[in-house]
Amino acid sequence: MGFRGEGALLTDGAPVDVPRDAAREAAHEELRKAVYHQNEPGPVERLVDWIKEQFHRAVDDVASPLGGGGNAALVVLLLLLLVLGVVLWRRYGAPRRAARAAGLFTGPRGPRSAAQHRADAAAHAARGDWEDAVREQMRALVRGLEERTVLSPRPGRTADEAAAEAGRALPDQARALASAARLFDDIAFGERPADERAYRLLADLDQTLGRTRPVPAAVGGGTA
């Protein structure tokens with residue numbers, strides 16, 4: 001399409017007038033199409049880039065011997081670091097959330113029996129060390145399920161994974177197992193203080209599970 005002043009030519013050469021406002025609006029509409037913006041950074045990336053730019057400016061102001069606003073720049077720098085931390089936390093999650101992928105039995109000691117974990121838990125409870133008591137009691141619970149072959153031994157298993165797997169074999173206790181795993185996670189990763197009640201809850205569930213018989217796995221198949 002060729003342009004001449006305010007007019008445009010149709011394919012047959014007949015002129016047609018296009019008002020300036022209409023032509024400008026048409027151009028704006030064309031530029032709004034997603035194809036022109038598909039490679040542009042998203043809002044989070046733009047915010048991070050802006051924070052980086054402000055951060056570098058603040059650092060330059062603080063480091064400059066001629067800058068008279070060093071204190072103000074330092075305050076701005078701290079605020080930018082705070083904002084950046086919030087952005088990263090919202091996008092990637094709290095560090096302790098990622099730590100939940102660590103195995104339940106990770107530690108310097110090798111494999112231990114359920115009885116040994118129970119004894120350690122009881123010793124911690126007697127001293128009032130409730131966080132360690134909860135940790136060892138949860139290990140005793142899971143190790144006990146492994147010793148009974150309700151769970152297959154697997155390094156790196158988390159409490160949530162153990163609860164989900166055991167819940168399929170012990171459906172009557174599935175809800176209690178899931179609650180125990182959440183309780184353990186909240187305590188082990190610092191979101192909830194440990195106490196005697198939490199320890200007793202896990203110890204009682206450990207005993208209950210010892211008396212619960214697993215449901216046999218269903219055998220698939222049918223008649224021909």
Side-chain angles (χ1 to χ4, degrees), residues 85-224:
V86 172
V87 171
L88 294 176
W89 183 86
R90 291 290 300 272
R91 183 168 186 178
Y92 299 107
R96 70 167 57 102
R97 296 289 183 185
R100 294 181 186 228
L104 181 62
F105 295 100
T106 55
R109 295 181 295 185
R112 295 166 62 80
S113 67
Q116 288 174 315
H117 284 298
R118 291 187 187 105
D120 288 346
H124 288 305
R127 295 192 295 268
D129 298 332
W130 298 117
E131 183 173 346
D132 288 334
V134 165
R135 192 184 306 274
E136 287 299 319
Q137 184 56 56
M138 189 65 185
R139 289 170 174 165
L141 186 155
V142 175
R143 185 66 79 197
L145 293 173
E146 292 178 346
E147 291 174 352
R148 294 174 56 205
T149 68
V150 175
L151 295 176
S152 58
R154 178 165 60 84
R157 175 185 276 121
T158 66
D160 291 331
E161 292 170 343
E165 295 172 25
R168 290 191 287 270
L170 305 170
D172 290 344
Q173 301 299 327
R175 180 173 297 180
L177 282 163
S179 297
R182 287 194 299 270
L183 174 65
F184 172 80
D185 282 345
D186 289 345
I187 291 173
F189 300 104
E191 297 176 3
R192 172 176 174 173
D195 54 21
E196 182 178 4
R197 179 177 176 275
Y199 164 70
R200 297 297 177 191
L201 187 150
L202 293 179
D204 291 345
L205 178 58
D206 187 18
Q207 294 182 1
T208 299
L209 294 175
R211 299 189 298 266
T212 304
R213 302 183 64 178
V215 175
V219 178
T223 59

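Arg213 is linked by a side-chain contact (heavy atoms from CB on, under 4.5 Å) to nothing, counting only residues two or more places apart in sequence or in another chain. Under the rule for a side-chain hydrogen bond (donor to acceptor under 3.5 Å, both in side chains), the partners of Asp129 that lie at least two apart in sequence or sit in another chain are Arg127. Ala125 is linked by a side-chain contact (heavy atoms from CB on, under 4.5 Å) to Trp130, Ala133, Tyr199, counting only residues two or more places apart in sequence or in another chain. Checked against side-chain hydrogen bond (donor to acceptor under 3.5 Å, both in side chains), Gln116 has the following partners two or more places apart in sequence or in another chain: Ser113. Shown here are the salt bridge (Lys or Arg N to Asp or Glu O under 4.0 Å) partners of Glu131, two or more places apart in sequence or in another chain: Arg135. Judged as a side-chain contact (heavy atoms from CB on, under 4.5 Å), and not counting sequence neighbours, Asp204 has no contacts. With sequence neighbours left out, the side-chain contact (heavy atoms from CB on, under 4.5 Å) criterion links Leu201 to Leu183. Checked against side-chain hydrogen bond (donor to acceptor under 3.5 Å, both in side chains), Ser179 has the following partners two or more places apart in sequence or in another chain: Arg182. Under the salt bridge (Lys or Arg N to Asp or Glu O under 4.0 Å) criterion, Glu196 pairs with Arg200, not counting sequence neighbours.
Atom CZ of residue Arg154 and atom CD of residue Glu146 lie 9.0 Å apart, to the nearest 0.5 angstrom. Distance CG/Leu202 to CZ/Arg197: 10.5 Å, rounded to 0.5 Å. Atom CG of Leu177 is separated from atom CG of Leu145 by 7.0 Å, given to the nearest 0.5 angstrom.
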* Which is it for Arg112 and Asp120 under the salt bridge (Lys or Arg N to Asp or Glu O under 4.0 Å) test, yes or no, and what are the steps along the way? -> CA-CA 11 Å; Arg112 295 166 62 80; Asp120 288 346; 2.6 Å; yes
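Considering only heavy atoms from C-beta on, Ile187 stays 4.5 Å or farther from Met138 through its side chain. Residues Thr158 and Asp185 are not in side-chain contact: their nearest non-hydrogen atoms beyond the backbone lie 4.5 Å or more apart.
The two residues Gly156 and Glu161 make their nearest non-hydrogen contact at O-OE1, 4.0 Å. Between Leu151 and Ala166, the shortest heavy-atom distance links the atoms CD2-N, 3.6 Å. Of all heavy-atom pairs spanning Gln137 and Ala121, the tightest one is N-CB, 3.6 Å. Across all non-hydrogen atoms, the minimal contact from Ala176 to Leu205 is O-CD2, 3.7 Å.
Side chain of Arg157 to main chain of Ser152: a donor-acceptor pair is present (N/O by atom type, distance under 3.5 Å, no hydrogens or angles). Formation of a donor-acceptor pair under 3.5 Å by the Glu147 side chain with backbone atoms of Ala114 is found in this model.
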For residues 167-175, run the donor-acceptor check on the side chains, cut-off 3.5 Å, and write out each pair with its distance to 0.1 Å, sequence neighbours left out.
none

